Amino acid sequence: MTQQCLANAKLATLAGDGYGLVAAGAVVTEGERIVWAGPESALPPAHAHIPRRDMGGRLVTPAPIDCHTHLVFGGDRAREFALRLEGASYEEIARAGGGILSTVKATREADEATLLARALPRLDALITEGVTTLEVKSGYGLDLETELRMLRVARRLADERKVRIRTTHLCAHACPPQYAGRKDAFIDEICIPSLRAAHAEGLVDAVDGFCEGIAFDTEQIARVFDTARALGLPVKLHAEQLTHQGGTALAASYGALSADHVEYATEADARAMAESGTVAVILPGAFYTLHEKQLPPIAAFREHGVPMALSTDCNPGSSPLTSILLAMNMGCTLFRLTPAEALRGVTVNAARALGLDDCGRIAPGLRADLAVWDVDDPAELAWRIGFNPLHERIFGGVSC
(Lines give C-alpha, C1' and ligand atoms only; values in the text may rest on other atoms or scores of the structure.)
Protein backbone atom coordinates (compact mmCIF):
# COMPACT_ATOMS: atom_id res chain seq x y z
CA MET A 1 0.00 0.00 0.00
CA THR A 2 1.11 3.54 -0.75
CA GLN A 3 2.67 5.38 2.16
CA GLN A 4 3.15 9.13 2.52
CA CYS A 5 4.09 11.64 5.19
CA LEU A 6 2.26 14.96 5.19
CA ALA A 7 4.91 17.10 6.88
CA ASN A 8 5.35 20.74 7.92
CA ALA A 9 1.67 21.02 8.81
CA LYS A 10 -0.39 22.61 11.56
CA LEU A 11 -2.71 19.81 12.69
CA ALA A 12 -6.17 20.18 14.19
CA THR A 13 -6.52 16.58 15.35
CA LEU A 14 -9.77 17.20 17.28
CA ALA A 15 -8.34 15.20 20.18
CA GLY A 16 -9.80 16.15 23.57
CA ASP A 17 -12.46 18.86 23.76
CA GLY A 18 -10.97 21.53 21.49
CA TYR A 19 -8.97 21.72 18.28
CA GLY A 20 -6.26 19.33 19.48
CA LEU A 21 -3.64 21.52 17.80
CA VAL A 22 -0.17 20.32 16.91
CA ALA A 23 1.76 23.40 15.76
CA ALA A 24 4.50 21.66 13.75
CA GLY A 25 2.98 18.32 12.93
CA ALA A 26 3.00 15.46 10.49
CA VAL A 27 0.55 12.76 9.42
CA VAL A 28 1.68 9.40 8.05
CA THR A 29 -0.81 7.51 5.92
CA GLU A 30 -0.74 4.00 4.51
CA GLY A 31 -3.40 3.22 1.96
CA GLU A 32 -6.72 4.54 3.26
CA ARG A 33 -5.62 4.80 6.90
CA ILE A 34 -3.65 7.09 9.17
CA VAL A 35 -0.84 5.16 10.83
CA TRP A 36 0.79 7.98 12.80
CA ALA A 37 0.13 11.63 13.67
CA GLY A 38 1.90 14.03 15.98
CA PRO A 39 4.76 16.53 16.27
CA GLU A 40 7.09 16.18 13.32
CA SER A 41 10.01 16.22 15.72
CA ALA A 42 8.69 12.97 17.22
CA LEU A 43 8.31 11.14 13.89
CA PRO A 44 9.31 7.50 14.59
CA PRO A 45 12.43 6.22 12.79
CA ALA A 46 10.28 3.60 11.03
CA HIS A 47 8.59 6.42 9.10
CA ALA A 48 11.70 8.51 8.42
CA HIS A 49 12.16 7.32 4.82
CA ILE A 50 8.52 7.46 3.72
CA PRO A 51 7.91 9.88 0.79
CA ARG A 52 7.41 13.33 2.33
CA ARG A 53 4.96 15.96 1.14
CA ASP A 54 5.54 19.47 2.44
CA MET A 55 2.25 21.09 3.47
CA GLY A 56 3.89 24.52 3.66
CA GLY A 57 2.73 25.11 7.22
CA ARG A 58 -0.92 24.86 6.20
CA LEU A 59 -3.71 23.74 8.51
CA VAL A 60 -4.72 20.08 8.17
CA THR A 61 -8.03 18.98 9.67
CA PRO A 62 -10.25 15.94 9.38
CA ALA A 63 -12.31 16.33 6.22
CA PRO A 64 -15.74 17.89 6.85
CA ILE A 65 -18.73 15.56 7.20
CA ASP A 66 -22.26 16.70 6.28
CA CYS A 67 -24.41 14.57 8.55
CA HIS A 68 -27.93 15.74 7.58
CA THR A 69 -28.91 16.34 3.95
CA HIS A 70 -31.86 15.83 1.61
CA LEU A 71 -29.56 16.06 -1.40
CA VAL A 72 -31.66 13.96 -3.81
CA PHE A 73 -34.90 15.59 -4.95
CA GLY A 74 -36.79 16.77 -8.01
CA GLY A 75 -37.85 20.28 -8.94
CA ASP A 76 -37.26 23.43 -6.91
CA ARG A 77 -39.18 25.66 -4.53
CA ALA A 78 -37.98 29.11 -5.47
CA ARG A 79 -41.59 30.34 -5.57
CA GLU A 80 -42.06 29.40 -1.93
CA PHE A 81 -39.04 31.49 -1.07
CA ALA A 82 -40.89 34.46 -2.49
CA LEU A 83 -44.07 33.52 -0.60
CA ARG A 84 -42.22 33.41 2.69
CA LEU A 85 -40.82 36.87 1.99
CA GLU A 86 -44.42 38.00 1.45
CA GLY A 87 -45.31 36.74 4.93
CA ALA A 88 -46.47 33.13 4.50
CA SER A 89 -45.25 30.76 7.23
CA TYR A 90 -43.69 27.34 6.71
CA GLU A 91 -46.81 25.73 8.14
CA GLU A 92 -49.17 27.81 5.97
CA ILE A 93 -47.29 26.83 2.83
CA ALA A 94 -47.28 23.16 3.86
CA ARG A 95 -51.00 23.09 4.67
CA ALA A 96 -51.76 24.67 1.26
CA GLY A 97 -50.04 21.78 -0.54
CA GLY A 98 -46.67 23.42 -0.90
CA GLY A 99 -43.57 22.62 1.04
CA ILE A 100 -42.57 19.00 1.13
CA LEU A 101 -45.59 17.90 -0.92
CA SER A 102 -44.64 20.06 -3.90
CA THR A 103 -41.21 18.42 -3.94
CA VAL A 104 -42.86 15.01 -3.63
CA LYS A 105 -44.73 15.63 -6.88
CA ALA A 106 -41.59 16.68 -8.74
CA THR A 107 -39.55 13.82 -7.30
CA ARG A 108 -42.15 11.20 -8.24
CA GLU A 109 -42.07 12.48 -11.80
CA ALA A 110 -38.26 12.24 -12.09
CA ASP A 111 -36.45 9.07 -13.12
CA GLU A 112 -33.17 7.91 -11.58
CA ALA A 113 -31.03 9.55 -14.25
CA THR A 114 -32.73 12.90 -13.72
CA LEU A 115 -32.46 12.74 -9.94
CA LEU A 116 -28.79 11.80 -10.19
CA ALA A 117 -28.01 14.58 -12.65
CA ARG A 118 -29.68 17.17 -10.43
CA ALA A 119 -28.01 15.92 -7.25
CA LEU A 120 -24.44 15.89 -8.56
CA PRO A 121 -23.96 19.69 -8.75
CA ARG A 122 -25.14 19.98 -5.15
CA LEU A 123 -22.72 17.23 -4.15
CA ASP A 124 -19.91 18.92 -6.09
CA ALA A 125 -20.46 22.14 -4.15
CA LEU A 126 -19.93 20.25 -0.88
CA ILE A 127 -16.89 18.39 -2.23
CA THR A 128 -15.36 21.72 -3.24
CA GLU A 129 -15.33 22.66 0.45
CA GLY A 130 -13.62 19.43 1.46
CA VAL A 131 -16.58 17.20 2.36
CA THR A 132 -15.75 13.50 2.02
CA THR A 133 -18.68 11.91 3.88
CA LEU A 134 -22.34 12.84 3.90
CA GLU A 135 -25.74 11.50 4.72
CA VAL A 136 -28.55 11.53 2.14
CA LYS A 137 -32.18 10.99 3.15
CA SER A 138 -35.18 9.78 1.20
CA GLY A 139 -38.54 11.29 2.12
CA TYR A 140 -39.71 13.02 -1.05
CA GLY A 141 -41.40 9.93 -2.46
CA LEU A 142 -43.91 8.99 0.23
CA ASP A 143 -44.60 5.84 -1.74
CA LEU A 144 -42.62 2.63 -2.01
CA GLU A 145 -41.39 3.08 -5.57
CA THR A 146 -40.06 6.63 -5.22
CA GLU A 147 -38.52 6.10 -1.78
CA LEU A 148 -36.51 3.21 -3.19
CA ARG A 149 -35.57 5.23 -6.27
CA MET A 150 -34.22 8.06 -4.11
CA LEU A 151 -32.13 5.67 -2.03
CA ARG A 152 -30.73 3.97 -5.12
CA VAL A 153 -29.68 7.35 -6.49
CA ALA A 154 -28.10 8.27 -3.16
CA ARG A 155 -26.01 5.09 -3.30
CA ARG A 156 -25.00 5.87 -6.90
CA LEU A 157 -23.48 9.19 -5.85
CA ALA A 158 -20.53 7.27 -4.41
CA ASP A 159 -19.99 5.65 -7.82
CA GLU A 160 -19.86 9.03 -9.52
CA ARG A 161 -17.64 10.90 -7.05
CA LYS A 162 -14.90 10.16 -4.52
CA VAL A 163 -17.21 10.40 -1.55
CA ARG A 164 -18.73 8.24 1.16
CA ILE A 165 -22.53 8.15 1.37
CA ARG A 166 -24.71 7.11 4.30
CA THR A 167 -28.36 6.62 3.37
CA THR A 168 -31.32 7.28 5.64
CA HIS A 169 -34.91 6.14 5.11
CA LEU A 170 -37.27 9.07 5.80
CA CYS A 171 -40.64 7.99 4.46
CA ALA A 172 -42.27 9.34 7.67
CA HIS A 173 -41.54 12.85 6.45
CA ALA A 174 -45.00 14.09 5.52
CA CYS A 175 -48.45 12.65 4.91
CA PRO A 176 -49.53 12.67 1.22
CA PRO A 177 -52.98 14.04 0.32
CA GLN A 178 -54.51 10.62 -0.34
CA TYR A 179 -53.88 9.77 3.31
CA ALA A 180 -55.30 13.02 4.70
CA GLY A 181 -56.79 12.27 8.11
CA ARG A 182 -55.30 8.76 8.02
CA LYS A 183 -51.73 9.20 9.18
CA ASP A 184 -51.75 5.89 11.05
CA ALA A 185 -52.70 4.11 7.86
CA PHE A 186 -49.89 5.85 5.98
CA ILE A 187 -47.38 4.66 8.56
CA ASP A 188 -48.67 1.08 8.39
CA GLU A 189 -49.33 0.82 4.65
CA ILE A 190 -46.49 2.88 3.14
CA CYS A 191 -43.74 3.83 5.60
CA ILE A 192 -43.14 0.48 7.25
CA PRO A 193 -43.42 -1.63 4.06
CA SER A 194 -41.10 0.74 2.17
CA LEU A 195 -38.59 0.55 5.01
CA ARG A 196 -38.63 -3.23 4.93
CA ALA A 197 -38.24 -3.24 1.14
CA ALA A 198 -35.36 -0.76 1.25
CA HIS A 199 -33.62 -2.78 3.93
CA ALA A 200 -34.05 -5.98 1.91
CA GLU A 201 -32.38 -4.23 -1.04
CA GLY A 202 -29.47 -3.05 1.12
CA LEU A 203 -30.31 0.62 0.69
CA VAL A 204 -30.62 1.79 4.31
CA ASP A 205 -28.02 2.75 6.91
CA ALA A 206 -30.42 4.50 9.32
CA VAL A 207 -34.07 5.45 9.80
CA ASP A 208 -35.48 8.94 10.36
CA GLY A 209 -38.86 10.61 10.83
CA PHE A 210 -40.38 14.07 11.23
CA CYS A 211 -42.04 14.44 14.62
CA GLU A 212 -44.02 17.67 14.39
CA GLY A 213 -47.58 18.97 14.43
CA ILE A 214 -47.61 19.14 10.62
CA ALA A 215 -46.11 15.67 10.35
CA PHE A 216 -46.28 12.74 12.82
CA ASP A 217 -46.72 12.30 16.55
CA THR A 218 -44.56 10.28 18.89
CA GLU A 219 -46.77 7.17 18.78
CA GLN A 220 -46.62 7.06 14.99
CA ILE A 221 -42.86 7.59 14.95
CA ALA A 222 -42.45 4.90 17.61
CA ARG A 223 -44.00 2.35 15.27
CA VAL A 224 -41.45 3.23 12.61
CA PHE A 225 -38.66 3.01 15.18
CA ASP A 226 -39.88 -0.38 16.38
CA THR A 227 -39.62 -1.65 12.82
CA ALA A 228 -36.13 -0.17 12.49
CA ARG A 229 -35.09 -1.86 15.74
CA ALA A 230 -36.43 -5.20 14.50
CA LEU A 231 -34.34 -4.77 11.33
CA GLY A 232 -31.24 -3.88 13.33
CA LEU A 233 -31.12 -0.30 12.01
CA PRO A 234 -30.19 2.80 14.06
CA VAL A 235 -32.62 5.70 14.27
CA LYS A 236 -32.52 9.49 14.28
CA LEU A 237 -35.28 12.09 14.30
CA HIS A 238 -36.29 15.53 13.08
CA ALA A 239 -37.47 16.77 16.48
CA GLU A 240 -38.62 19.97 18.16
CA GLN A 241 -38.07 22.15 15.09
CA LEU A 242 -41.26 24.22 15.10
CA THR A 243 -42.92 23.21 18.38
CA HIS A 244 -42.23 20.88 21.28
CA GLN A 245 -43.84 17.50 20.54
CA GLY A 246 -41.76 15.15 22.71
CA GLY A 247 -39.72 13.84 19.79
CA THR A 248 -36.34 14.42 21.41
CA ALA A 249 -37.25 12.38 24.49
CA LEU A 250 -38.61 9.66 22.21
CA ALA A 251 -35.40 9.62 20.18
CA ALA A 252 -33.32 9.39 23.35
CA SER A 253 -35.46 6.53 24.65
CA TYR A 254 -34.53 4.56 21.52
CA GLY A 255 -30.83 5.42 21.84
CA ALA A 256 -31.04 7.44 18.63
CA LEU A 257 -27.87 8.47 16.85
CA SER A 258 -29.16 12.04 16.74
CA ALA A 259 -32.03 14.41 17.30
CA ASP A 260 -31.96 17.11 14.62
CA HIS A 261 -33.08 20.77 14.61
CA VAL A 262 -34.09 20.73 18.33
CA GLU A 263 -34.86 24.46 18.55
CA TYR A 264 -37.68 23.75 21.03
CA ALA A 265 -35.82 21.11 23.02
CA THR A 266 -35.73 21.62 26.79
CA GLU A 267 -33.14 21.09 29.48
CA ALA A 268 -34.88 17.82 30.34
CA ASP A 269 -34.43 16.81 26.71
CA ALA A 270 -30.74 17.69 26.95
CA ARG A 271 -30.36 15.48 30.03
CA ALA A 272 -32.09 12.60 28.24
CA MET A 273 -29.83 13.01 25.20
CA ALA A 274 -26.74 13.06 27.38
CA GLU A 275 -27.80 9.83 29.07
CA SER A 276 -28.52 8.08 25.76
CA GLY A 277 -25.47 9.43 23.91
CA THR A 278 -27.71 11.06 21.30
CA VAL A 279 -26.07 13.85 19.27
CA ALA A 280 -27.81 17.20 18.84
CA VAL A 281 -27.58 18.08 15.13
CA ILE A 282 -27.83 21.85 14.80
CA LEU A 283 -29.20 23.11 11.47
CA PRO A 284 -28.81 26.86 11.15
CA GLY A 285 -29.68 26.94 7.44
CA ALA A 286 -33.34 26.12 8.13
CA PHE A 287 -33.43 28.49 11.11
CA TYR A 288 -32.10 31.27 8.86
CA THR A 289 -34.34 30.56 5.88
CA LEU A 290 -37.54 30.25 7.92
CA HIS A 291 -36.78 33.37 9.99
CA GLU A 292 -37.13 31.37 13.19
CA LYS A 293 -36.68 32.99 16.58
CA GLN A 294 -36.45 30.06 19.00
CA LEU A 295 -32.80 29.18 19.58
CA PRO A 296 -31.70 25.63 20.36
CA PRO A 297 -30.74 25.20 24.04
CA ILE A 298 -27.01 25.40 23.36
CA ALA A 299 -26.16 26.21 26.99
CA ALA A 300 -28.06 23.15 28.20
CA PHE A 301 -26.31 20.95 25.65
CA ARG A 302 -22.96 22.27 26.87
CA GLU A 303 -23.87 21.87 30.54
CA HIS A 304 -24.96 18.26 30.12
CA GLY A 305 -22.23 17.27 27.70
CA VAL A 306 -24.44 16.63 24.66
CA PRO A 307 -22.27 16.42 21.51
CA MET A 308 -23.33 19.05 18.97
CA ALA A 309 -23.00 18.42 15.24
CA LEU A 310 -23.55 20.97 12.47
CA SER A 311 -24.91 20.31 9.01
CA THR A 312 -26.23 22.07 5.92
CA ASP A 313 -29.65 20.33 5.94
CA CYS A 314 -29.42 20.78 2.17
CA ASN A 315 -33.00 20.60 0.88
CA PRO A 316 -35.16 22.41 -1.68
CA GLY A 317 -37.35 24.31 0.76
CA SER A 318 -36.22 25.26 4.23
CA SER A 319 -32.43 25.08 3.71
CA PRO A 320 -31.21 25.30 0.09
CA LEU A 321 -27.67 25.36 1.45
CA THR A 322 -24.69 23.56 -0.09
CA SER A 323 -21.86 25.15 1.90
CA ILE A 324 -20.52 23.39 4.98
CA LEU A 325 -18.33 26.44 5.68
CA LEU A 326 -21.36 28.73 5.71
CA ALA A 327 -23.13 26.28 8.02
CA MET A 328 -20.17 26.65 10.39
CA ASN A 329 -20.37 30.44 10.23
CA MET A 330 -24.13 30.37 10.81
CA GLY A 331 -23.70 28.05 13.76
CA CYS A 332 -21.41 30.62 15.35
CA THR A 333 -23.24 33.82 14.40
CA LEU A 334 -26.83 32.60 14.93
CA PHE A 335 -26.40 30.12 17.78
CA ARG A 336 -23.18 31.42 19.39
CA LEU A 337 -21.20 28.23 18.95
CA THR A 338 -17.48 28.75 19.32
CA PRO A 339 -15.31 28.22 16.22
CA ALA A 340 -13.90 25.08 17.89
CA GLU A 341 -17.43 23.78 18.49
CA ALA A 342 -18.26 24.49 14.84
CA LEU A 343 -15.25 22.54 13.57
CA ARG A 344 -15.99 19.67 15.93
CA GLY A 345 -19.59 19.88 14.74
CA VAL A 346 -18.64 19.05 11.14
CA THR A 347 -15.99 16.46 12.03
CA VAL A 348 -15.89 14.32 15.16
CA ASN A 349 -19.49 14.99 16.26
CA ALA A 350 -20.86 14.72 12.72
CA ALA A 351 -19.22 11.30 12.44
CA ARG A 352 -20.86 10.28 15.71
CA ALA A 353 -24.25 11.48 14.42
CA LEU A 354 -23.84 9.01 11.55
CA GLY A 355 -22.71 6.16 13.78
CA LEU A 356 -19.19 6.25 12.30
CA ASP A 357 -16.14 5.65 14.48
CA ASP A 358 -13.49 5.56 11.75
CA CYS A 359 -13.39 9.23 10.75
CA GLY A 360 -13.81 12.75 12.08
CA ARG A 361 -10.44 12.97 13.87
CA ILE A 362 -6.78 12.71 12.98
CA ALA A 363 -5.56 9.62 14.80
CA PRO A 364 -3.90 6.30 13.99
CA GLY A 365 -6.28 3.68 12.67
CA LEU A 366 -8.81 6.16 11.28
CA ARG A 367 -9.49 6.88 7.63
CA ALA A 368 -7.12 9.30 5.95
CA ASP A 369 -9.96 11.67 5.02
CA LEU A 370 -8.33 15.06 5.43
CA ALA A 371 -8.67 18.69 4.39
CA VAL A 372 -5.73 21.02 3.86
CA TRP A 373 -6.56 24.71 4.29
CA ASP A 374 -4.81 27.96 3.39
CA VAL A 375 -5.44 29.48 6.83
CA ASP A 376 -3.30 30.35 9.83
CA ASP A 377 -5.93 29.87 12.53
CA PRO A 378 -8.67 27.19 12.49
CA ALA A 379 -11.16 29.86 13.59
CA GLU A 380 -10.89 31.30 10.07
CA LEU A 381 -12.94 28.38 8.77
CA ALA A 382 -15.99 29.65 10.67
CA TRP A 383 -15.14 33.35 10.50
CA ARG A 384 -15.12 33.98 6.76
CA ILE A 385 -18.30 34.30 4.69
CA GLY A 386 -18.37 33.30 1.01
CA PHE A 387 -14.69 32.39 0.94
CA ASN A 388 -13.32 28.89 0.41
CA PRO A 389 -9.72 28.42 1.64
CA LEU A 390 -9.51 24.71 0.76
CA HIS A 391 -6.09 23.88 -0.67
CA GLU A 392 -6.46 20.10 -0.97
CA ARG A 393 -9.02 17.39 -0.24
CA ILE A 394 -7.71 13.94 0.67
CA PHE A 395 -10.10 10.97 0.50
CA GLY A 396 -8.84 7.65 1.77
CA GLY A 397 -5.24 8.84 1.51
CA VAL A 398 -5.60 10.08 -2.09
CA SER A 399 -5.70 13.72 -3.11
CA CYS A 400 -8.82 14.39 -5.16
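Residue indices begin at 1 and follow the sequence shown. Here the structure is a predicted model, which means the values were calculated and not measured.
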*Which is it for K236 and D260 under the salt bridge (Lys or Arg N to Asp or Glu O under 4.0 Å) test, yes or no, and what are the steps along the way?*
CA-CA 8 Å; K236 54 182 64 183; D260 302 32; 5.7 Å; no
*May I have the step-by-step check of side chain to side chain donor-acceptor pair (under 3.5 Å) for H304 and E267, ending in yes or no?*
CA-CA 9 Å; H304 296 287; E267 184 163 357; 3.1 Å; yes
*Taking it one step at a time, do E303 and R271 satisfy salt bridge (Lys or Arg N to Asp or Glu O under 4.0 Å)?*
CA-CA 9 Å; E303 179 183 353; R271 287 196 298 269; over 6 Å; no
*Could you walk me through whether D66 and T312 pass the side chain to side chain donor-acceptor pair (under 3.5 Å) check?*
CA-CA 7 Å; D66 201 352; T312 64; 2.7 Å; yes
*Can you list the steps and then say if R33 with D369 is a salt bridge (Lys or Arg N to Asp or Glu O under 4.0 Å)?*
CA-CA 8 Å; R33 299 287 164 174; D369 292 346; over 6 Å; no
*Give the intermediate values and the outcome of side chain to side chain contact (heavy atoms under 4.5 Å, CB included) for residues V163 and T133.*
CA-CA 6 Å; V163 71; T133 300; over 6 Å; no
*With salt bridge (Lys or Arg N to Asp or Glu O under 4.0 Å) as the test, would you mind laying out the steps for R155 and D205 before giving the verdict?*
CA-CA 11 Å; R155 289 282 200 229; D205 296 314; 2.9 Å; yes
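Side chain of S194 to backbone of C191: a donor-acceptor contact under 3.5 angstrom is found. Checked by atom type and distance alone, the side chain of E147 pairs as donor or acceptor with a backbone atom of L142 at under 3.5 Å. Although no hydrogens or angles enter the test, the distance criterion places no donor-acceptor pair under 3.5 Å between the side chain of E201 and the main chain of A198.
Counting non-hydrogen atoms of neighbouring residues, nucleotides and ligands closer than 6.0 angstrom, the CG atom of D17 reaches no more than 12 such neighbours. No more than 12 heavy atoms of other residues, nucleotides or ligands shown are found within 6.0 angstrom of OH on Y288. Heavy-atom neighbours of E145 CD from other residues, nucleotides or ligands within 6.0 Å: at or below the threshold of 12. At most 12 heavy atoms of other shown residues, nucleotides or ligands fall within 6.0 angstrom of atom CZ in R361. Crowding of E160 atom CD: a count of heavy atoms from other residues, nucleotides or ligands under 6.0 Å exceeding 12. The neighbour count for H291 NE2, taken as heavy atoms of other residues, nucleotides or ligands under 6.0 Å away, is above 12.
In this structure the side chain of P64 never reaches within 4.5 angstrom of the side chain of T347, judged on heavy atoms.
Stacking of R122 on the aromatic ring of F73 is recorded, both the 6.0 Å distance cut-off and the 45° axial limit being met. Under the 6.0 Å distance and 45° angle rule, R367 counts as a cation-pi partner of F395.
Taking the six-membered ring where the residue is Trp, Y140 and H70 present tilted rings, their angle falling between 30° and 60°. Y254 and F225 have perpendicular rings, their planes meeting at more than 60° on a 0 to 90° scale where under 30° would count as parallel.
Distance check, rounded to the nearest 0.5 Å: CZ of R52 to CG of N8 gives 6.0 Å. In this structure, the separation between CZ on R384 and CD on E380 is 5.0 Å, given to the nearest 0.5 Å.
Shown are T168, T69, D208; of these, the side-chain hydrogen bond (donor to acceptor under 3.5 Å, both in side chains) with K137 is made only by D208. A side-chain contact (heavy atoms from CB on, under 4.5 Å) with V136 is found for one member of L151, V72, V153, L123 and no other, namely V72.
A salt bridge is absent between R223 and E219: the closest approach of a Lys/Arg side-chain nitrogen to an acidic carboxylate oxygen does not fall below 4.0 angstrom. Taking the charged nitrogens against the carboxylate oxygens, E129 and R393 have no contact shorter than 4.0 Å, which rules out a salt bridge. Salt-bridge formation is detected for the pair R302/E341: a Lys NZ or Arg NE/NH1/NH2 atom is positioned less than 4.0 Å from an Asp or Glu carboxylate oxygen.
Aromatic pair H238/F210: ring centres closer than 6.0 Å.
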